[in-house]
Amino acid sequence: MRRVAIGERSDWRATASANGFTFHTLEGDPYWDESHAYAFTLAEIEQDIEAPSAELHALCLDFVGRAVEDERILASLTIPESAWDVVRSSWRRRDPSLYGRLDFSYGGEGPAKLLEYNADTPTALYETGVFQWIWFEEMLAAGRLARGCDQFNAVHEQLVARLRDMPGDGTLALTSYADAPEDRGTVAYLEDCARQAGLATRFLDLADIGLDGDGRFVDRMRAPISRLFKLYPWEWAFADAFGRALATAPTRFIEPPWKAILSNKGLLPYLFAMAPNHPNLLPAYFEGDPGKAALGTAFVKKPLLSREGANILIVQDGAVLAHDHGPYGGEGHIRQALAPLPSFGGRRPLVGSWIVGDTPAGLCIRESAGPITTNAALFVPHYIEAEG
Amino acid sequence: MSSQAEKAPNPAPRGSKRSETVTLVLLAGAGAAAWGFARIDPSQREEDVLVYNGPEACISAAIRTSEDCRRDYATVRLAYPNAAPRYATASDCESHHGPGHCVTGDSVGASATGRFVPVLAGYIIGRTEEQDLDPQPIYDHRPSEAGPGYVGSGSGGYCTSWGGRVSTTSGGSSSFARVASSAVRPASFGGFGATGRGFSSHGGSAHGSGG
């Protein structure tokens with residue numbers, strides 16, 4: 001794994017514009033950065049990222065099967081009791097999942113270490129599946145990448161295929177905050193994929209989801225919503241005024257409610273307990289577990305529910321190394337052994353490994369200056385070097 | 001419309017680890033401005049309803065069974081005291097429903113005490129049983145606010161408890177109306193999103209709720 005100063009395409013902004021990539025710059029700050037790229041060997045991708053991703057995802061599914069039948073686990077994840085049946089029945093029905101992203105600390109040496117599973121509301125999807133792919137094809141066509149190079153990125157094809165294969169009535173409504181550009185962009189992309197999968201789609205702002213007298217979720221025209229993709233975390237939906245209606249509404253959701261079990265940092269201590277010798281798992285404990293002492297004076301403290309690095313505390317040699325402030329943490333914390341992100345000339349990449357359906361489908365890298373990957377991270381493309 | 005991406009000169013070779021082709025059908029060449037494309041015009045979802053001032057008119061029209069007419073009217077009578085819109089003053093009520101069409105709340109039910117409510121003008125029932133439409137009480141609407149297509153006899157048509165407008169097609173004894181579903185099917189909105197807004201002070205709204 002190398003960080004290569006590969007240089008920008010001179011016209012990438014026009015290309016972004018032509019392909020609907022509107023959020024490459026967010027609130028004046030750059031987000032997409034192709035001045036350099038990360039290069040991997042095929043073995044690094046297949047043995048160190050792809051295979052462990054498939055294994056860990058399977059382990060996660062095993063855990064969901066256990067968790068839904070054990071109220072102590074659901075309670076420890078702070079899933080509200082009113083939502084247990086919703087979560088449980090979505091798993092018992094095997095409501096299908098569309099996608100998720102495993103985040104790893106990996107720098108080319110030693111096993112990738114799972115930091116968390118963003119299983120419910122991952123973004124960076126369009127950038128991965130489309131714009132990173134276009135970057136690669138254009139760099140290859142321009143001779144700036146050697147013939148025989150490749151990219152781990154079947155995300156787009158897999159999404160369309162998964163959407164096509166999911167059972168349903170041929171419709172899909174999609175929702176997010178309409179005024180959050182990154183979310184809206186991600187949902188617009190998924191709507192594009194769903195159209196290509198032959199589904200009749202419509203976008204609804206979160207505020208445009210209604211609840212009718214029969215307990216069904218409807219749109220403003222009172223048309224029932226049979227299937228809804230929501231880029232809105234389950235723990236928020238459970239806490240909202242309509243949360244109680246989820247138990248009886250016939251709507252099926254993507255991601256399904258059982259994903260609330262995986263998008264929770266409390267997953268990490270359970271995975272570690274299930275497979276303590278797994279090379280890709282870091283020791284992790286609930287904050288209330290005396291076992292946490294085993295981590296000594298170097299660990300990361302994470303809220304059970306947080307996104308984009310918010311409220312994460314890194315302790316090294318007993319001193320606070322980094323601390324992101326934010327609104328999360330009231331629900332409790334876990335402690336995870338410290339696996340510092342590798343440094344490439346002071347830049348720290350976080351490897352995101354996409355799961356579409358149940359299959360590893362591609363990779364994205366978000367790069368930070370500091371040890372915590374926050375929403376200020378830059379999206380940096382990657383490629384696989386030609387063999388030999 | 002397809003994306004520039006689709007025009008990549010050589011599709012990825014089979015056996016590679018990337019998509020062979022990447023096509024966009026909605027986003028390509030469009031950008032954010034086109035994201036409203038899938039919003040459906042509310043006028044597109046309509047349905048046919050029957051409007052009667054009471055069960056006798058419904059029964060004599062013989063479109064729905066007399067059993068349905070009576071049952072739905074009983075449902076509406078029961079719902080009316082709690083469903084009728086409330087106004088602080090008689091003039092507020094009359095400005096919406098017309099002079100002489102309002103009564104004091106305590107005359108219809110304890111829950112409306114101290115307020116003013118419109119009198120029950122009749123009810124709406126679905127044209128067919130298969131519509132599965134809950135019957136709704138309706139109230140007279142002040143004529144000056146009648147829709148442009150309205151040709152009723154001196155009335156302003158009707159409205160439902162939440163203000164949905166209903167005008168019969170030719171006034172008089174005609175009971176038929178084609179209305180927006182939203183006018184006759186109640187729903188509450190805004191029940192999702194509030195929890196996340198409480199977190200929006202961190203990280204900026206551009207980042208929303210994804211991660």
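Note on naming: letters A, B, ... go to the chains in the order of the sequence lines (proteins, then strands), and numbering restarts at 1 for each one.
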Of all heavy-atom pairs between [X] and [Y], which one has the smallest distance, and what is that distance?
X	Y	result
A/A154	B/S19	CA-OG, 3.4 Å
A/H156	B/T21	CD2-O, 4.1 Å
B/A194	A/D240	N-OD1, 3.4 Å
A/C149	B/R18	O-NH1, 3.9 Å

Taking 4.0 angstrom as the limit, do B/R185 and A/D214 come out as a salt bridge?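 No, B/R185 and A/D214 are not salt-bridged.
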Taking A/D150 for its side chain and B/K17 for its backbone only, find out whether a donor-acceptor pair lies under 3.5 Å.
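Yes, the answer is positive, given that a donor and an acceptor are paired below the 3.5 Å cut-off.
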Open item on the list: Closer than 3.5 angstrom, by distance alone: can the side chain of A/D192 be matched with the main-chain N or O of B/V25 as a donor-acceptor pair?
Closed with: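 Indeed, once roles are kept as given, a pair shorter than 3.5 Å links the two residues.
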Does some side-chain heavy atom of A/F21 sit less than 4.5 Å from a side-chain heavy atom of B/L27?
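Contact flag for B/L27/A/F21 side chains = no.
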Check your understanding: So, do A/I134 and B/V22 sit near enough that their side-chain heavy atoms are less than 4.5 Å apart?
Key ->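 The answer is no; the side chains never approach within 4.5 Å.
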So which of A/A207, A/G352, A/G213 has the biggest tally of heavy-atom pairs under 4.5 Å with chain B?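 The candidate making the most pairs under 4.5 Å is A/A207.
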Discussion item. Which one wins on heavy-atom pair count under 4.5 Å against chain B: A/G362, A/A237, A/A241, A/G210?
Written reply: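 Of the options given, most contacts go to A/G210.
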With a 4.5 angstrom heavy-atom cut-off, could you sort out which part of [X] is near chain B: side chain, backbone, both or neither?
X	answer
A/V160	neither
A/F131	neither
A/I45	side chain
A/Y126	side chain
A/L159	neither
A/E46	side chain

request  = Measure the spacing between CZ of A/R195 and CG of B/L26 and express it to the nearest 0.5 Å.
outcome  =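 Reported to 0.5 Å precision, the distance equals 5.0 Å.
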* Starting at CG of A/D219, measure out to OG of B/S182 and round the result to the nearest 0.5 Å. =>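 Spacing of CG (A/D219) from OG (B/S182) equals 9.5 Å.
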For B/R86, does the CZ atom sit with more than 12 other heavy atoms under 6.0 Å from it, leaving out its own atoms?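 Yes, because the 6.0 Å sphere around CZ of B/R86 holds more than 12 heavy atoms from other groups.
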* To do: Give a yes or no on this: more than 12 heavy atoms of other residues, nucleotides or ligands lie within 6.0 Å of atom CZ of A/R244.
  =>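 Atom CZ in A/R244 is not crowded, with 12 or fewer foreign heavy atoms closer than 6.0 Å.
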Please evaluate residues B/F189 and A/D205 with respect to the criterion side-chain contact (heavy atoms from CB on, under 4.5 Å), reporting the C-alpha separation (whole Å), side-chain torsions for both, the decisive distance (0.1 Å), and the verdict. CA-CA 11 Å; B/F189 288 86; A/D205 182 46; over 6 Å; no
*Test side-chain contact (heavy atoms from CB on, under 4.5 Å) applied to A/R222 and B/V184, step by step*: CA-CA 9 Å; A/R222 308 300 188 269; B/V184 292; over 6 Å; no
Please verify the inter-ring angle class for A/F217 with B/F192; under 30° counts as parallel, over 60° as perpendicular, anything in between as tilted.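 Rings of A/F217 and B/F192: tilted, as their planes differ by 30° to 60°.
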Honestly, is B/R197 close enough over A/Y177, meaning NZ or CZ under 6.0 Å from the six-membered ring centre and within 45° of the axis?
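Yes, B/R197 lies over the aromatic ring of A/Y177.
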